[in-house]
Amino acid sequence: MIKLKKCILMVALVLLGAGMVQAQSAKEMLTQRWVFSFDDMVEQMKKTMSDAEKQKFASMTDEQKAMMKSVMGDLSITFKSDGTCDAVNKGKTESMTWKLSDDGKTLTTTAKGDKVTTLNIISLSSEKLILKDEGSSQSMAMIFVSKPKGDD
């Protein structure tokens, strides 16, 4: 009986340690500059949107799509290892703090005025970050690609 308890405890500690390594790895991958990828988002949307959403998107004119791209296309966010980040859109910078959940699957940002945003991390690699706003009613994910600072 004691051996079984020790074995269960060892397995629990190994799993806990693996989770901590995963979260640390996620934090290390996240800590860099990310640039919104409109084209990747459109491709992802086509795979996941309902037929009604596909029809609505298909009915958009090229001008509407270009306007949508211009509105969202300049967005970048730089996550720093000190728990702060800067989001830049159309030359305007918003500084905030960020925190990654222990399991590395949820990102919480806090902006001025204590505006908290909780984002689910759908996918994270050193090259691509896919986020979904937990509070959003839309199924659209935001897709960012890694871009070193100064590499514009």
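To the nearest 0.5 angstrom, Lys115 atom NZ is 4.5 Å from Thr117 atom OG1. Here Leu30 contributes atom CG and Cys85 contributes atom SG; the two are 8.5 Å apart, rounded to the nearest 0.5 Å. To the nearest 0.5 Å, the span separating CD1 on Ile130 from CD1 on Ile143 amounts to 4.5 Å. The distance from atom OG of Ser37 to atom CE of Met142, rounded to the nearest 0.5 Å, is 13.0 Å. The CZ atom of Arg33 lies 11.0 Å from the CG atom of Asp86; values are rounded to the nearest 0.5 Å. From Trp34, atom CH2 reaches atom CG of Leu124 across 5.5 Å, with rounding to the nearest 0.5 Å.
For Asn120, there are no side-chain hydrogen bond (donor to acceptor under 3.5 Å, both in side chains) partners two or more places apart in sequence or in a different chain. Partners of Lys128 under the salt bridge (charged side-chain N to carboxylate O under 4.0 Å, His left out) rule, at least two apart in sequence or in another chain, are Asp40.
Taking each heavy atom of Lys80 and Thr31 in turn, the nearest pair found is C-CG2, 3.6 Å. Closest approach of Lys112 to Glu94, counting heavy atoms only: N-OE2, 4.5 Å.
No hydrogens or angles considered: a donor-acceptor pair under 3.5 Å links the side chains of Gln32 and Ser146.
Within a 6.0 Å radius of CG in Asp82, other residues, nucleotides and ligands contribute more than 12 heavy atoms.
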